[in-house]
Protein chains: 2
Amino acid sequence: MHTIATRSAPGSKGQETAKRVRMAALKRFAGAGYAAVSMREIAADVGVRPGALYNHFPTKQDILKDLMLTHMADLLTAWDTARFPEAMDPLERFVRFHIRYHLERADEVFISYMELRNLEPDNFEIIEAERRRYEAILTSILHEGSAAGRYSVDDPKVATRAIIAMLTGIPTWYREGGHLGEHDVEDLYLTMVRKAVASETRNFQTETG
Amino acid sequence: MHTIATRSAPGSKGQETAKRVRMAALKRFAGAGYAAVSMREIAADVGVRPGALYNHFPTKQDILKDLMLTHMADLLTAWDTARFPEAMDPLERFVRFHIRYHLERADEVFISYMELRNLEPDNFEIIEAERRRYEAILTSILHEGSAAGRYSVDDPKVATRAIIAMLTGIPTWYREGGHLGEHDVEDLYLTMVRKAVASETRNFQTETG
DNA sequence: CTTGAAAATGAATGAACGTTCATTTATAGA
DNA sequence: TCTATAAATGAACGTTCATTCATTTTCAAG
């Protein structure tokens with residue numbers, strides 16, 4: 001009888017250091033920007049000499065790539081596995097999910113759109129494709145709701161970008177412990193989003209002539 | 001009779017080089033980010049040796065500061081001096097102005113919120129104060145419209161951030177020559193904004209029970 | 001305990017960075 | 001034309017950067 005499959009190799013501390021590198025880089029990149037962060041700073045945060053980082057990531061660029069690819073994959077997985085009350089309509093599901101996820105993972109979200117330009121073209125394309133997949137979820141909700149007459153949306157793709165920009169802006173100003181709780185924010189934004197796509201349009205075009 | 005006030009000093013080409021430095025830095029900062037741009041690159045764009053930049057700006061940081069302070073001042077001045085048709089209501093004025101200005105000056109706008117963290121604290125505070133002044137314009141429009149019963153806005157400050165985030169996102173995807181003209185985009189967003197703050201709220205909360 | 005591979009070290013590499021400065025060049029006013 | 005000064009040069013400063021590598025340390029498996 002022998003041990004079946006302990007994956008850890010000799011001399012290994014598992015993936016512990018690699019995880020610490022990811023965490024340190026995430027904080028630093030989010031705080032100061034990829035270009036302004038040095039490998040020496042990341043190494044110091046991890047408690048290791050700079051050269052040791054290269055046992056886990058071939059280059060600084062690869063740390064950024066890892067963080068961004070992981071984030072986009074996590075985002076889509078989180079949506080696919082999210083659970084909501086039965087009665088909750090798709091638009092409310094999306095709005096609440098997006099706000100919660102973006103407040104929970106503020107650093108990942110932040111670097112994923114701030115550091116896009118620091119990605120090599122191939123990695124940039126991968127990220128962009130994932131982003132389009134995520135936006136397509138909301139576009140589809142708006143499109144179907146529009147077809148069913150529940151919403152009135154002139155251009156679902158434009159509306160998608162408008163709504164996502166609106167929601168994604170929340171982490172730039174929301175702070176825990178302020179006078180608004182996370183749930184208050186969800187409700188406020190949900191109301192605005194619902195109205196923005198509502199089919200009831202009477203009176204909206206009124207000019208103060 | 002003698003010349004009254006030629007401001008140009010001996011040996012001076014006016015402010016020509018300084019202007020070219022600003023333009024080159026603006027393009028570079030917007031494209032690659034402040035931290036990733038070198039003084040050597042800016043100098044090469046201008047057609048001058050790196051040392052010459054220091055005849056016009058004391059440090060690299062001061063170029064960024066100059067660009068951002070100028071941008072915020074220009075934005076507020078542009079709003080103050082903008083002309084609109086008499087019949088146009090304040091909300092439409094703001095939405096159209098914001099979209100036009102942000103598409104026209106995309107680079108300035110872009111660096112002014114991407115490079116905030118690269119500003120020294122004093123300069124950061126100045127920029128933030130200007131930004132609050134600008135946001136206050138929309139907040140006031142929403143507040144007054146709400147008080148007059150023309151709009152229904154639960155929290156004018158939150159609505160301000162939501163609307164501005166939504167509008168400011170446009171330059172990230174809008175491209176000239178696409179299937180939507182600038183005027184189409186204005187109309188689409190104006191409709192969504194108007195609906196989002198409209199007082200007609202019947203049916204918006206309907207759940208697909 | 002021995003072994004072997006992963007992980008970490010410590011030192012070094014060349015390149016690029018922002019900035020300085022003595023000197024030269026260009027130019028507007030006298 | 002002469003003069004004074006702004007602007008530009010060319011070379012250098014010390015520092016920091018990402019990365020490499022021979023060597024040492026760590027540690028799970030046999």
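Just so we're clear, the structure is a prediction, and the values are computed from it rather than from any experiment.
The side chain of Tyr54(B) lies closest to dT19(C), out of dA8(C), dT19(D), dT19(C). The nucleotide whose nearest atom lies closest to any side-chain atom of Ala52(B) is, among dT9(C), dA8(D), dT20(C), dA8(D). Residue Thr17(A) has its side chain nearest to dA7(C) when only dA7(C), dT19(C), dT19(D) are considered.
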| task | Please report the C-alpha distance between Tyr174(B) and His102(B) in whole Å, then the side-chain angles of each, then the deciding distance to 0.1 Å, and finally whether the side-chain hydrogen bond (donor to acceptor under 3.5 Å, both in side chains) criterion is met. | result | CA-CA 11 Å; Tyr174(B) 178 82; His102(B) 279 62; over 6 Å; no
| request: Run the numbers on Glu144(B) and Ser140(B) for side-chain hydrogen bond (donor to acceptor under 3.5 Å, both in side chains), then give the verdict. | output: CA-CA 6 Å; Glu144(B) 285 168 27; Ser140(B) 155; 3.3 Å; yes
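Each end of the helix from dC1(C)-dG30(D) to dA30(C)-dT1(D) yields a helix axis from five base pairs, and these two axes differ in direction by 20° (to the nearest 10 degrees).
For Arg20(B) and Glu16(B), the salt-bridge test fails: no basic side-chain N is under 4.0 Å from an acidic carboxylate O.
Looking at which nucleotide of DNA chain D each of Leu53(B) and Thr59(A) is closest to, the 5′-most match is held by Leu53(B).
Counting any heavy atom pair closer than 4.0 Å across all strands shown, Val37(A) reaches sugar-phosphate atoms only and no base atom.
In summary, of the residues considered (Asp184(A), Val185(A), Leu188(A)), a side-chain contact (heavy atoms from CB on, under 4.5 Å) with Asp155(B) occurs for Leu188(A) alone.
Remark: Leu167(B) CG to Arg100(B) CZ distance equals 12.5 Å, nearest 0.5 Å.
Contact annotation: His56(A) does not reach the phosphate of dA6(C) (side-chain N/O to OP1 or OP2, under 4.0 Å). The side chain of Ser38(A) contributes an N or O atom lying less than 4.0 Å from OP1 or OP2 of dC17(D). Here Arg49(B) does not reach the OP1 or OP2 of dA8(D): none of its side-chain N or O atoms lies under 4.0 Å away.
Looking at Arg40(B), its side chain has no donor and acceptor atom pair within 3.5 Å of the base of dA16(C). Between the side chain of Asn55(B) and the base of dA8(D), a donor-acceptor pair under 3.5 Å is found.
Using cut-offs of 30° and 60° for the angle between ring planes, the Phe97(B) and Trp79(B) rings count as perpendicular.
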